[in-house]
Amino acid sequence: MLEVLRRRLGAKVSTRDADLDLHSRDENYPVVRRPAAVVYAEHVDDVLQTLAWSAEYGVAVIPFGAGSSAEGHVVPLGGEVSLNLSRMNRVVSIQPPDFLAVVQPGLTRMGLNRAVRDHGLFFPVDPGADASLGGMAATNASGTTTVRYGGMRQNVAALQVALADGRLVALGRGVRKTSSGYDLKDLLIGSAGTLGVITELTVALHPTPSHVHTQRVFFSAVPDAVDAAYAIMGSALPVARLELVDALSMRAINRYLDRRYPEQPALFVELHASSAAAMAPEAAEIDEIVREHGARSVSAARDETDRQALWEARHQLYPAIRALYPHRTYLITDTAVPLAAVSEMVAYTGEQAARLRLDVVIAGHVADGNVHSIAALTEHDRERADEYSDALVERALALGGTSTGEHGIGLSKRKYLRAEHGEATDLMIAIKHLFDPRGLLNPGKVVGG
């Protein structure tokens, strides 16, 4: 079978050990399993030929971008071919008057931002990793800027998608709004490659903010920081980022990046404004709010270099934790709850870590209710880590939240799907069968099967 694929695609098909190993894992899922082969697609025709071969021989295909997902989205169950789209990385067009760009799925978010910055525009979705835009759409990625700009679902206007039956379909339109038909574009966003393979995206661009104000705010205790964040969100200020990191996170960041930050719970806050005149009173209001909630120190980024260093500290948290706890495995998990329940969810996360005697750091996009934690696990912690993850999801659902705010379901969180969605899970299974009746697109992910 693979020889047939090789005859059709030549050197784009690889069974080299290094390539198989690269496509055997993601950033978090504990199982490592090689695919049968890797196809490096360079054109949409390569995708269509791979899917035609898949249908002909009944071999499943896993779309693969940068491999930075966290819930087993790209990990094979056994025997699949990994379809790597990273070579399809062109900017097809930039349309500044419409604030849009058309891109191939392998282009990364940083690559897009380099391409559009001379137009005074930027693409805002920032999950930390320099992920591929196709992968970000497939997992409905979000991140530090979601509170102001939204995640991928809010920033993708249209998709071109290759379906399991060989059709190439256009979903969505390059317009600000539409009420035409069922919203199949948004159905594909977050589907983790289980319904189709994204081959092109039309994404939203935004004007680069002319004035940015960034602050580091340190507190004695996590609850004070969370309460301050909630007050900031109720203030109607133009918050673009609002991130929580706990004391252990700051300790890890200091060691990893050789910083001298106070090793206390902190909020990283960023405002985007249209003028310096507007920014000054807004920054002063932030200062007043956090001090009313017990801030021990407040400092503003002095310049762009200092601002970039602050966000580097937040984005480098995972490697910092790996450096603080070397030679361990790591459980990265996220839940999201209504804003009024964030304080309770953060407190409960800490209580469960203490109860189960796990080394855990707590961080999160507290402005949109997304609570993250990373557990650094010894070889004796696996069973307790599963109990920890189960407890967090159960509490998040009880608070009216979700089992995953941005990481997605993948393999890891399939078991929670019915508890969260009830009978709607059956509709999801029916949709999967409609798009992919033979189960050849990323099998076992999201709804299983």
Discussion item. Testing the 3.5 Å rule here: is there a donor-acceptor pair between the side chains of Asp21 and Ser24?
Written reply: no
Item to complete: Test Arg307 against Glu270 for side-chain contact (heavy atoms from CB on, under 4.5 Å), laying out the working first.
Response: CA-CA 9 Å; Arg307 174 179 171 269; Glu270 184 166 288; 2.8 Å; yes
Discussion item. Within this structure, what is the CD1-OG distance for the pair Ile374 and Ser249, rounded to the nearest 0.5 Å?
Written reply: 7.0 Å
Worksheet item: Would Glu263 and Phe218 satisfy side-chain contact (heavy atoms from CB on, under 4.5 Å), going step by step from the backbone distance to the final call?
Response: CA-CA 9 Å; Glu263 293 182 359; Phe218 293 92; over 6 Å; no
Discussion item. Under a 3.5 Å threshold, yes or no: a donor from one side chain and an acceptor from the other, between Asp126 and His315?
Written reply: yes
Discussion item. Can you tell me how far apart CD1 (Ile189) and CG (Asp183) are? Round to the nearest 0.5 Å.
Written reply: 8.0 Å
Worksheet item: Any sub-3.5 Å donor-acceptor pair from Arg148's side-chain atoms to Val239's backbone N or O?
Response: no
Worksheet entry | CZ (Arg173) with more than 12 external heavy atoms under 6.0 Å | no
Worksheet entry | Non-hydrogen side-chain atoms of Arg414 and Glu71 separated by less than 4.5 Å | no
Response to the item:
Rounded to the nearest 0.5 Å, the OH atom of Tyr40 sits from the CZ atom of Phe64 at a distance of 8.0 Å
Worksheet, complete the sentence: The residue among Asp390, Thr404, Thr402 that forms side chain to side chain contact (heavy atoms under 4.5 Å, CB included) with Tyr416 is Asp390
Discussion item. Test your reading of the model: is there a side-chain donor-acceptor pair from Lys445 to the backbone of Val75, 3.5 Å cut-off?
Written reply: yes
Worksheet item: Is there a donor-acceptor contact under 3.5 Å from the side chain of Thr145 to the main chain of Pro124?
Response: yes
Fill in: Side-chain donor or acceptor of Lys185 paired with backbone N/O of Val156 under 3.5 Å
yes
Worksheet item: Would Glu3 and Arg6 pass as an ion pair if we require N to O under 4.0 Å?
Response: yes
Discussion item. Measuring only between side-chain heavy atoms, which start at C-beta, is Leu133 closer than 4.5 Å to Phe123?
Written reply: yes
Item to complete: Decide yes or no for Leu195 and Leu187: does some side-chain heavy atom of the first lie under 4.5 Å from some side-chain heavy atom of the second?
Response: yes
Discussion item. Using modelled atom types and a 3.5 Å cut-off, is there a donor and acceptor pairing between side-chain atoms of Asp386 and backbone atoms of Glu383?
Written reply: no
Practice prompt. Answer yes or no: is there a donor N or O on one side and an acceptor on the other, between the side chain of Asp26 and the main chain of Ser68, under 3.5 Å?
Written response: no
Fill in: Carboxylate-amine/guanidinium proximity below 4.0 Å for Asp426 and Arg418
yes
Item to complete: Would you check if the side chain of Asp19 reaches a backbone N or O of Val38 as a donor-acceptor pair within less than 3.5 Å?
Response: no
Discussion item. Can a side-chain donor-acceptor contact be found between Asp130 and Thr108 if the only test is distance below 3.5 angstrom?
Written reply: yes
Response to the item:
The side chain to side chain contact (heavy atoms under 4.5 Å, CB included) partner of Pro105 among Asn89, Leu85, Leu159 is Leu85
Practice prompt. For Asn370 and Thr335, indicate whether the former's side chain and the latter's backbone hold a donor-acceptor pair under 3.5 Å.
Written response: yes
Practice prompt. In plain terms, say whether Arg8 and Glu56 are close enough for a salt bridge, that is, a side-chain N and a carboxylate O under 4.0 Å apart.
Written response: yes
Fill in: Side-chain ion pair, Asp334 and Lys413, N-O less than 4.0 Å
yes
Worksheet item: To the nearest 0.5 Å, what is the distance between CG (Leu397) and CD (Glu420)?
Response: 5.5 Å
Item to complete: Please confirm whether Arg314 makes a cation-pi placement over Phe268, using NZ or CZ under 6.0 Å from the six-membered ring centre and within 45° of the ring normal.
Response: no
Worksheet entry | Gap between atom OG of Ser86 and atom CD of Glu42 - 0.5 Å precision | 9.5 Å
Item to complete: Can you measure from NZ (Lys177) to OG (Ser179) and round to the nearest 0.5 angstrom?
Response: 7.0 Å
Worksheet item: Any ion pair linking Glu379 and Arg328 (charged N to carboxylate O, less than 4.0 Å)?
Response: no
Worksheet item: Do Ile362 and His372 come within less than 4.5 Å of each other through their side chains, counting heavy atoms only?
Response: no
Worksheet item: More than 12 heavy atoms of other residues, nucleotides or ligands under 6.0 Å from CZ of Arg167: is that the case?
Response: no
Discussion item. Are Leu399 and Glu344 packed together at the side-chain level, in the sense that at least one heavy-atom pair is separated by less than 4.5 angstrom?
Written reply: yes
Worksheet item: Do we see a donor-acceptor contact under 3.5 Å between the side chains of Thr378 and Tyr325?
Response: no
Worksheet item: Do you know which two heavy atoms are closest between Pro30 and Arg382, and how far apart they sit?
Response: CB-NH1, 3.9 Å
Discussion item. What verdict does the ring pair (Phe, Tyr, Trp, His ring centres under 6.0 Å) test give for Tyr149 and His206, after you've listed the backbone C-alpha separation in whole Å, the side-chain angles of each residue and the deciding distance to 0.1 Å?
Written reply: CA-CA 9 Å; Tyr149 298 100; His206 297 259; 5.1 Å; yes
Practice prompt. Classify the side-chain pair Asn442/His73 by whether it contains a donor and acceptor separated by less than 3.5 Å.
Written response: no
Worksheet item: Does Arg322 reach the main-chain N or O of Ala376 with its side chain, forming a donor-acceptor pair under 3.5 Å?
Response: no
Item to complete: Compare all side-chain heavy atoms of Leu51 with those of Leu441 and state whether any distance is below 4.5 angstrom.
Response: yes
Discussion item. So does Arg251 get a backbone contact from the side chain of Asn254, meaning a donor-acceptor N/O pair under 3.5 Å?
Written reply: no
Worksheet item: Side chains of Thr144 and Glu243: is there a donor and an acceptor less than 3.5 Å apart?
Response: no
